[in-house]
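Here the structure comes first, spelled out in structure tokens, and everything after it is commentary.
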Amino acid sequence: MSLTNNPNVNKWVDEMIALTKPEKVVWIDGSKAQLDALTEEVVALPDSSRDKLYRLNEEKLPGCLYHRTLPNDVARVEDRTFICTSKKEDAGPTNNWSDPKEMYAKLTPLYDGVMKGRTMYVIPYSMGPIGSPLAKVGVEVSDSIYVVLNMNIMTRMGKAAFDNLGDTSDDFVRGLHSKADVDPENRYIVHFPEDNTIWSINSAYGGNVLLGKKCFALRIASYQGKNESWMAEHMLILGIKKPSGEMKYVCAAFPSACGKTNLAMLIPPEGYKAKGYEVFTVGDDIAWLKQGPDGRLYAINPENGFFGVAPGTSAKSNFNALESCKKNTIFTNVALNNADNTVWWEGLDKNPPVDATEWKGAKVNGPEYIAEGGKLAHPNSRFTAPAENCPCISPEFNNPKGVPIDAIVFGGRRAKTAPLVYQSFDWNHGTFVGAIMASETTAAAAGAVGVVRRDPMAMLPFCGYNMGDYWAHWLDMGKKLGDKAPKIFNVNWFRTDDEGHFIWPGFGDNMRVLDWIIDRCDGLAEAVETPIGFEPKPEDINIEGLSDIDLDVVKDLLSVDKSLWLEDCENIKPFFEKFGDRLPKEMADQLSALEARLA
Ligand code: GTP
Ligand code: SPV
Ligand code: MN
């Protein structure tokens, strides 16, 4: 029985039923009884089922579940991700494109009857607090209970989303997902921005199938934002409470697995805590930003949970993330400690379980397996944890208005070029700073790891339209915001020494850089003008309490190697040229100006 009178929803769901021919259709109301029953069903599956989830130690990890995906299905697949706009130019040179008609024709046979003998779950959800003027509704149909249970954590899922949509609106994103045979050769993650539609097939992993996340909240939403004058960005949102009690809000865009969750949940160093600084998490991955009635830029986190990278998460590196995944969390592709039915991953602690199950499902001796070069957890293994579990979740997390943003920060993994921090001269230059971002690739996407690539605004895999038009949209937003626009910065936690070790301690100590950033916003810190932007005076980065860092190290972290930067400019030129006449003239002018300042 349908859960809504909305004829647009019902008509579309009927079409999806006719196409995929499920044996049964279940509308997800979001009730505990229904979720409990689905959990019961999925944990009762035989070990041989690839859909199986396992319950974990009820005392140590109450309400937690464990799942393994196929080894060929452990990350986003950028080469199989498409933006299908009527005109190729509207998808732009950085997206895979196919004509929508052709793509529908190609995929329809793959979906035809794909749910025969299976159940279709119809999942209504809201991205953003229900009733927020910034929130939007999506409906995902899927043949996976894993998807239902994850969507329950990641979104506001259930009947309330339909109530919010109302009985007549057509403004909802239609997501069709089938795991099909999890066949990598026929795996497609396809977006039809002009139809508010997403089709995903032959994957059962995270970002490929939780369609509210990257597919909707970034690719489709970025396109909507362009048309409706708001922004969807791959950004964390954090609040810093100053000793005076004043709150400052910062958004930061780093590419996948480059530190968003960690920064969002940062615990300030002792010296800062003693002074009264506190950090609150609003979001760890995605921000939707819109100009508010007072002219400032406001952000909401459209998500309701964290789909976080497990490896490297420890009580020391990210206490708040670890606390967040101690109950009602789903773990994917981590290792099992069979002695007590708990989870383990590289970097959790120094004691890999002896009686372990590695992420592919083999029973192994953990320490021996690692000594032989094996990894117990997949590098992109993840936890899906409810935001409400997070000890430092912001009191504003559910505020429908969002939070006013003071600073926008860009950053990536750069071993040499980018300094620890610099500030852009103004909004337009800041847009350029975001546009010329580059970062080393990570395990979050299938393919080579550690290769430097251009990743503008950390949106390369997530921009749902022509990136040239996206930069133009940024420039337009800057015009609208005028002197109320957030200040724009760039950071790099990943500079390395000659032996390849990270120089900056990172994690909680990143507070020391945020400190300079918010002081700049308040007009309380000085800066030095350099060819690339404003930099702190080395002595203005607080290094009190850091044993390995002295003023000379800070100087080194802030140094700008002009020859490396000129080399980077040579790399940016052909990248910009790909956009042809869609490259805003302002971006080309900014590049020439940068070169002139460096020369
Ligand atoms: P996605 O969820 O893929 O978007 O990733 P993310 O940007 O949220 O990255 P996350 O915070 O999960 O960090 C990814 C990896 O970077 C982890 O292995 C962290 O330990 C490491 N990392 C995060 N912050 C820092 C830092 O300040 N310094 C160093 N050296 N490593 C860091
Ligand atoms: C990312 O890759 O940036 C993620 C994980 O946050 S996924 O949802 O798989 O995209
Ligand atoms: Mn992400």
Side-chain angles (χ1 to χ4, degrees), residues 69 73-78 81 147 150-151 154 189 200 203-219 233-238 252-267 281 283-287 301 303 305-314 316-318 320-322 324-325 332-333 345-348 377-385 409-415 420-421 439-447 449 455 458-462 491-496 500-514:
T69 61
D73 188 30
V74 293
R76 287 183 289 101
V77 279
E78 295 180 0
T81 299
V147 167
N150 274 275
M151 288 294 279
M154 295 307 295
I189 318 296
S200 159
S203 172
Y205 181 81
N208 297 334
V209 302
L210 309 178
L211 300 185
K213 194 173 177 56
K214 295 301 163 55
C215 299
F216 175 176
L218 286 180
R219 298 194 190 97
E233 300 294 335
H234 192 199
M235 290 178 177
L236 68 94
I237 311 163
L238 65 79
F254 309 154
S256 303
C258 290
K260 287 182 300 303
T261 302
N262 275 273
L263 191 69
M265 299 181 188
L266 164 156
I267 295 178
T281 308
D284 83 323
D285 197 50
I286 300 177
N301 171 10
E303 303 191 282
F306 312 118
F307 186 59
V309 178
T313 307
S314 70
K316 192 162 168 275
S317 69
N318 195 346
N320 288 315
L322 200 61
S324 304
C325 53
T332 303
N333 296 336
W345 50 77
E346 277 68 14
L348 174 65
H378 187 275
N380 191 38
S381 56
R382 299 224 171 209
F383 52 81
T384 317
V409 180
F410 294 118
R413 285 180 190 264
R414 292 303 299 267
L420 180 62
V421 59
S439 191
E440 293 164 22
T441 52
T442 66
V449 168
D455 189 351
M459 284 288 278
L460 180 72
F462 306 119
V491 299
N492 179 21
W493 315 141
F494 298 96
R495 268 222 194 173
T496 52
H501 301 121
F502 296 124
I503 304 171
W504 179 246
F507 301 98
D509 289 312
N510 293 332
M511 179 69 205
R512 300 166 189 278
V513 174
L514 290 177

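Each ligand, and each atom within it, is numbered from 1 in the order the structure gives.
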Below 4.0 angstrom from a heavy atom of [X], which ligand 2 atoms are there? Numbered from 1 as shown, please.
X: S256; result: 1 (C), 2 (O), 3 (O)
X: G207; result: 7 (S), 8 (O), 9 (O), 10 (O)
X: D285; result: 6 (O)
X: K213; result: 6 (O), 8 (O)
X: H234; result: 3 (O)
X: A444; result: 2 (O)

Looking at [X], which atoms of ligand 1 are within less than 4.0 Å of one of its heavy atoms?
X: D285; value: 4 (O)
X: F494; value: 29 (C), 30 (N), 31 (N), 32 (C)
X: P311; value: 18 (O)
X: H234; value: 4 (O)
X: F502; value: 30 (N)

Between ligand 1 and [X], is the shortest N or O to N or O distance under 3.5 Å?
X: G259; answer: yes
X: G506; answer: no
X: R382; answer: yes
X: A444; answer: no
X: K214; answer: no
X: A257; answer: yes

Sub-3.5 Å N/O-N/O distance, K260 and ligand 2 | no

Indicate yes or no: does an N/O atom of K214 lie under 3.5 Å from an N/O atom of ligand 2?
-> yes

Mind checking whether [X] contacts ligand 1 via backbone (N, CA, C, O), side chain (CB onward), both or neither, at a 4.0 Å heavy-atom cut-off?
X: N510; answer: side chain
X: C258; answer: backbone
X: P255; answer: backbone

Atom 15 (C) of ligand 1: which of K260, H501, R413 has the nearest heavy atom?
-> R413

Could you tell me whether any N, O or S atom belonging to K260 is less than 2.8 Å from the Mn ion (ligand 3)?
-> no

Heavy-atom nearest neighbour in the protein, as seen from atom 19 (C) of ligand 1, with distance rounded to 0.1 Å | N262 ND2, 3.7 Å

Could you check atom 28 (N) of ligand 1 against the protein and tell me its nearest heavy-atom contact, residue, atom and distance included?
-> F507 CE1, 3.7 Å

Heavy-atom pair of closest approach, residues F306 and S324 = CE1-OG, 4.2 Å

Side-chain heavy atoms of L266 within contact of L514, under 4.5 Å | yes

Looking at D285, the N/O/S atom that lies nearest to the Mn ion (ligand 3) is called OD1

Test the K260-F254 pair against the cation-pi criterion, namely NZ or CZ under 6.0 angstrom from the six-membered ring centroid and within 45° of the ring axis.
-> no

Is there a side chain to side chain donor-acceptor pair (under 3.5 Å) between T313 and N318 once you walk through the steps?
-> CA-CA 6 Å; T313 307; N318 195 346; 5.8 Å; no

Applying side-chain hydrogen bond (donor to acceptor under 3.5 Å, both in side chains) between T69 and each of N333, N208, T332, report the one that passes.
-> N333

Between NZ of K214 and NE2 of H234, what angle is found at the Mn ion (ligand 3), rounded to 10 degrees?
-> 90°

For residues S256 and R76, is any side-chain donor paired with an opposing acceptor at under 3.5 Å?
-> yes

